[in-house]
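Reading through the structure tokens given below for one structure.
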Amino acid sequence: MYCSKCGIENADTAVLCACGERLSSGVPEGSGKATASLVLGIIGMFAWFIPIFGAPVNIVGLVLGIKGRKSRNRGMAIAGVVLCIIGLVLTVFNSALGIYLASKGEYQLPW
């Protein structure tokens with residue numbers, strides 16, 4: 001593997017070049033974040049029913065999707081961001097509706 005900074009050939013298992021430059025490992029940086037964002041976006045589509053779970057899942061997925069946009073899995077990151085935004089909007093709507101109904105006394109607990 002050749003260093004992009006100085007051009008020196010390094011072993012394929014090397015992490016750092018002799019010049020101190022970090023060598024790329026073949027796995028693009030942020031690809032795990034893109035995948036995690038998509039998975040959290042899918043989970044967020046169901047988690048918004050319970051806002052205490054939906055908000056953190058969608059916020060973490062949104063942050064990971066934004067950070068993973070520069071990876072090779074850009075499409076997965078964008079899909080994760082879109083799903084997390086939809087899930088976050090639904091979570092906020094569900095929370096606001098619950099607060100409104102509870103304040104009006106129109107929502108009775110089942111027990």
Please round to the nearest 0.5 Å and tell me the distance separating atom CG of N58 and atom OG1 of T91.
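It comes to 5.0 Å.
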Quick one: pull up SG in C84 and CH2 in W48 and give me the separation to the nearest 0.5 Å.
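Going from SG on C84 over to CH2 on W48, the span is 15.0 Å.
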Treating Ile, Leu, Val, Met, Phe, Trp and Tyr as nodes and any side-chain heavy-atom pair under 4.5 angstrom as an edge, say whether [X] and [Y] lie in one connected cluster.
X   : Y   : result
I78 : I66 : no
I42 : L90 : yes
F53 : I59 : no
V60 : I50 : no
M76 : L83 : yes

Per the side-chain contact (heavy atoms from CB on, under 4.5 Å) rule, which among L40, I86, V57 passes with M45?
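Single side-chain contact (heavy atoms from CB on, under 4.5 Å) partner of M45 among L40, I86, V57: I86.
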Between R74 and R69, what is the shortest heavy-atom contact and its length?
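It is CG-O, 3.5 Å.
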Look only at the side chain of N94 and the backbone of P51, and say whether a donor-acceptor pair between them is shorter than 3.5 Å.
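It does not hold such a pair.
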Looking at G61, is its backbone amide N or carbonyl O close enough to the side chain of S37 to form a donor-acceptor pair, meaning the two atoms are under 3.5 Å apart?
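Answer holds: yes.
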